[in-house]
Each structure stands twice: as structure tokens, then as C-alpha cells.
Amino acid sequence: MPKKTIHDLGELRGKRVLVRVDFNVPMDESGNVTNERRIVAALPTLKHLLDVGAALVVMSHLGQPEGDPTAADFLQKNSRLSMKRVAERFRERLGRPVHLAPGVVGPAVQQVVQRLQPGEVLLLENLRFHPGEKSKNAEFAQELASYADAYVNDAFGTCHRSDASMVAVPNAARGKPRVVGLLVAKELEILNTLLTNPPRPMLGILGGAKVSDKVGFIRSLLSRVDRVLIGGAMSYLFLKAQGKGIGSSFCETKAKEGQKTPLEMAQEILELGKGKIILPIDHLVVKDLKDSSTATVVEGEIPDGFAGVDIGLKTIALYQDEINKAATVVWNGPMGKFEDEPYSKGTRAVAEALANAKATTVVGGGETAEAVEEFGLAEKMTHVSTGGGAFLEYVEGTPFKALAEIDDK
Ligand code: ADP
Ligand code: 3PG
Ligand code: MG
């Protein structure tokens, strides 16, 4: 059932709107924001609401604060995760003043909320600074819901979580309008088309580190696509499952509690994807990960003493060819250790092939989206999802509690 959006909110002049965004942006060790994509992605919703005369209370989590949130030194220990730096970038990008609240909830925050004027923006502190966010506390949710006349979920990247701000807050706001923002609406529209009626042939491209993180996604993808190309570190597990030598390449070995071993998972997936899965035929390998001058290309098996860091040139050509034949391409997971420039060729070549393809191209996953951005190719894709886990789980078919709390059209 399609969800109501901010366009269904009616007259907002003089009203306050509570907007849950996903400003969980990557930061470097000194706390500088290294990628603003998620901030930029929420701007259309926020600008629209401000343009029609609303005052905004904006809220997000940032990172995963450590320790017991009720402990006295919790805030001090996690001060790096304050929304302060995010507020600065948000202010610049929005081109309007943004007040940073003196906390998440409480009397001091309530006072600032009460004084908000139409067109003003208040950003609450990191939601995870309050124990109620993770414990899904009803009183905490009730207070947040009381801050506004309407609730907007524009946090696609967090839609797979059931934290208070995602589920209990809209639940507590029942009776008031509860809608999705333009970003969530767009993500859902594109992913729903992908899941229900994609132009064919449809190609999946899989890469990244671990198979165990993505089994559900891989199985779901295999049932939908006509072909799957595999690259990245996960390809070595599949090659090993076929009995091939992989040298000292990264390879998952440990089973998570109650799960099959990664090797068993890979064997099952290979069986399930018979006739659909294509694995790399050559590899860029190194003797020493830290010394790219030891890099060389090998075909077939990877000899002992070498570790795979990227797909090889023949694989690149093969994958480009497959991309050119597709009408829809879904891509998750880098083809190699792309953060190191000498090992980024395969990921870059796949990104370029997608950018130049006539196909509908959808990219998802934290590192994959980062790679595409870094190459300056994001604008050339049909869609680059702001979701990491949310993207994988939505494609897998997991129903999101957060969306169940939003009013149907
Ligand atoms: P995403 O966040 O897009 O879903 P993943 O988290 O699964 O992607 O994996 C991304 C990581 O996998 C990257 O940091 C990349 O360096 C790493 N990776 C990919 N291929 C290799 C490889 N051959 N050796 C080591 N690391 C790799
Ligand atoms: C993400 O980056 O995937 C979302 O912001 C959710 O963050 P979390 O994994 O810390 O819940
Ligand atoms: Mg990742």
C-alpha cells in the first residue's frame, strides 16, 4: 500500500513538523564529516516544509555510542558523536540557520521547541545519547511526538531499525499526520519497481567483504535476476567452495552462532544460482597488501603466498560485456579493496560501465555508494540508495516496522 507523503500534509503554515532523518554520516578520527550525501539527500523534504511555512524539529542518530547510556560519564565519553559538526554542515547545505538543541528531550529542549518560529530549524542532539532511543521507551517517544503537529520519516537508511524515533514516536503521534518524506518515497518507488516489474534482462552485481552479512540479500537477488556477477573479497569464498586455490586472500571461515559455515553457505548459493552466477576469471593479487609494487595479475587459481585485491582485466572486460547486455542492473559491493587506489580499477570499471549503460542502474550499500561518489559517477546512475543495511533488507523482502507506522494513502 503506498504511503502518504509530505504532499498530503495540508496547510502547514505556523505548524511544527518533527522530521526523522538519517544524518548518520561517516566521520574521520577528528570528527570531521567526510561525506555529506545523506545530509544533501534530505534537503528536498526539509526545504519544501520550510517553504510552506512550517517550523522543523529535525532528529537523527549518529554512530553507535559506546557504554551504558544511563552512566554518568556516557556523554563525555561519546562527545565525538555530538551532532555539532553535523549541524555545521547541515547549516551550510541548507543555507539557513540551524539551532542545535541542548539535548534530545527535557525541559531545556522543550523551551527551544516552544519558541521555534515558522521557517526555523532545530536539530536535536544525537538520539542515541538518550537511553530511550534504543530501549524504545514509550515516555521518551511520547515527549518527542509532543514536539510537533506532524511526523515525517525521511530516514531511509534507518528504516530497517525499530529504534524509538522510527517506530514508537510515530506510534505515539497517532491521530496526527504521519508521512514519509521525498527521499523515502523515491527510494521505495525505485526499489519497488526493481522488486515487482524490472525491465529484463536483469543483472545483479555482488561484491564486498562477507557472504554471511548478505546471504538473505543474495538469495533474494538470485530469485529475481537473470544473471549475477561476483567480485570483491566474497568471490574467493565462492572459488574456494568450487575447490579452487585462493592463496592467502581474505576468506571468511568462522560460522556465526547458530548459522552454517560461510563455506557451506557459499556451496548452497552456488547450487541455487547454477547457470546464473559468474565468478572472476582473473585476479589482481599482491604478495604484500601494503606494497602495491608486488601486484600482479593471475588467471584461474591464486597461488600460495598471494592475496587477491581486485578483479583482473579479463574479468573487467567480461563484466563490462554483461552490463552492456542488461536492461536493469542492481549493484552492491565493491569489486576489490578500492580504498587503495592501485586496487580500485575493477570497482571503477564497473562503476563506469554502469554510468555509460542504457540500463536502469541501482546502486546500494555504504561502501559501494561511497566508491561511486568518489569516482564522481553518482549522478550518472538511475539511483544511488542512501541505505546500507536498509537497502539490503528491503530487497531481501523484510517488512519494516517503521513504515507500518506511516499512514497509508
Ligand atoms: P557495502 O558497504 O557496499 O555493502 P561491504 O561492506 O560488503 O560493501 O564491503 C566493502 C569492503 O570490502 C570495502 O571496504 C573493501 O575494501 C572490501 N573489499 C572488497 N574486496 C576486497 C578484497 N579483495 N580484499 C580485501 N578487502 C576487500
Ligand atoms: C546505517 O548507516 O546503516 C544507518 O544509519 C543505521 O545505523 P546503525 O547500523 O548504527 O543502526
Ligand atoms: Mg559496508
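For clarity, every value in this text was computed on a predicted model and none was experimentally measured. Atoms considered below: every heavy atom in the structure, side chains included; atoms not considered: hydrogens, waters and symmetry mates. Order of listing sets the numbers, starting from 1, for every ligand and every atom in it.
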Novice: So for ligand 2, is Lys134 a polar contact partner (N or O within less than 3.5 Å, distance only)?
Specialist: no
Novice: Tell me, which protein residue and heavy-atom name are nearest atom 7 (O) of ligand 1, and how many Å apart are they?
Specialist: Lys214 NZ, 2.7 Å
Novice: For ligand 2, which atoms sit closer than 4.0 Å to a heavy atom of Asp22?
Specialist: 4 (C), 5 (O)
Novice: Could you tell me the residue and atom name of the protein heavy atom closest to atom 12 (O) of ligand 1, and the distance to it rounded to 0.1 Å?
Specialist: Ala209 N, 3.6 Å
Novice: Kindly state whether the ring of His160 and the ring of Tyr394 have centres lying under 6.0 angstrom apart.
Specialist: no
Novice: When you measure from atom 2 (O) of ligand 1 to every protein heavy atom, which one gives the shortest distance, and what is it?
Specialist: Glu367 OE1, 2.6 Å
Novice: Checking a contact table here: which protein heavy atom is nearest atom 17 (C) of ligand 1, and how many Å away?
Specialist: Gly336 O, 4.4 Å
Novice: For the 3.5 Å polar cut-off, considering only N or O atoms, please tell me whether His160 and ligand 2 meet it.
Specialist: no
Novice: For ligand 2, which atoms, with element, lie under 4.0 Å from some heavy atom of Arg128?
Specialist: 8 (P), 10 (O), 11 (O)
Novice: Which atoms of ligand 2 sit under 4.0 Å from any heavy atom of Asn24?
Specialist: 1 (C), 2 (O), 4 (C), 5 (O), 7 (O)
Novice: Check the side chains of Asp22 and Thr158 for a donor-acceptor pair under 3.5 angstrom, ignoring hydrogens and angles.
Specialist: yes
Novice: Ligand 1 versus Tyr343, non-hydrogen atoms closer than 4.0 Å: side chain, backbone, both, neither?
Specialist: neither
Novice: What is the name of the N/O/S atom of Glu367 that is nearest to the Mg ion (ligand 3)?
Specialist: OE1
Novice: Is it true that the side chains of Ser220 and Arg224 contain a donor and an acceptor less than 3.5 Å apart?
Specialist: yes
Novice: Taking the six-membered ring for Trp, are Tyr236 and Phe250 closer than 6.0 Å centroid to centroid?
Specialist: no
Novice: Based purely on interatomic distance, does Pro334 place a nitrogen or oxygen under 3.5 Å from a nitrogen or oxygen of ligand 1?
Specialist: no
Novice: Quick one: do the Ser165 and Arg20 side chains pair a donor with an acceptor below 3.5 Å?
Specialist: yes
Novice: Among all protein heavy atoms, pick the one closest to atom 24 (N) of ligand 1 and tell me residue, atom and distance.
Specialist: Gly308 O, 3.8 Å
Novice: Which of the atoms in ligand 1, numbered in the order shown and given with their element, are less than 4.0 Å from a heavy-atom of Gly232?
Specialist: 20 (N)
Novice: Give me the nearest non-hydrogen protein atom to atom 15 (C) of ligand 1 as residue plus atom name, then the distance to 0.1 Å.
Specialist: Glu339 OE1, 3.5 Å
Novice: For atom 4 (C) of ligand 2, what is the closest protein heavy atom, and at what distance to 0.1 Å?
Specialist: Gly157 O, 3.2 Å
Novice: Going by the order shown, which atoms of ligand 1 are within less than 4.0 Å of some heavy atom of Tyr236?
Specialist: 23 (N)
Novice: Taking atom types as modelled, find out whether His383 and Glu187 have a side-chain donor-acceptor pair closer than 3.5 angstrom.
Specialist: yes
Novice: Where's the contact between Glu393 and ligand 2, heavy-atom distance under 4.0 Å: side chain, backbone, both or neither?
Specialist: neither
Novice: Between Met166 and ligand 2, find which residue part has any heavy-atom pair under 4.0 Å and reply side chain, backbone, both or neither.
Specialist: neither
Novice: Give a yes-or-no answer on whether the side chains of Asp28 and Thr34 include a donor-acceptor pair shorter than 3.5 Å.
Specialist: no
Novice: At a non-hydrogen distance cut-off of under 4.0 Å, which region of Asn332 contacts ligand 1 (side chain, backbone, both, or neither)?
Specialist: side chain
Novice: Closer than 4.0 Å to some heavy atom of Arg161 - which atoms of ligand 2 meet that?
Specialist: 8 (P), 9 (O), 11 (O)
Novice: Tell me the protein heavy atom at minimum distance from atom 22 (C) of ligand 1, and give that distance in Å.
Specialist: Ala233 CB, 3.7 Å
Novice: Specify whether Phe338 and Phe375 have parallel, tilted or perpendicular ring planes, treating 30° as the upper limit for parallel and 60° as the lower limit for perpendicular.
Specialist: perpendicular
Novice: Considering heavy atoms of the protein only, find what lies nearest to atom 3 (O) of ligand 1 and give residue, atom and distance to 0.1 Å.
Specialist: Thr368 OG1, 2.4 Å
Novice: Distance under 4.0 Å to a non-hydrogen atom of Gln64: what atoms of ligand 2 satisfy this?
Specialist: 8 (P), 9 (O), 10 (O)
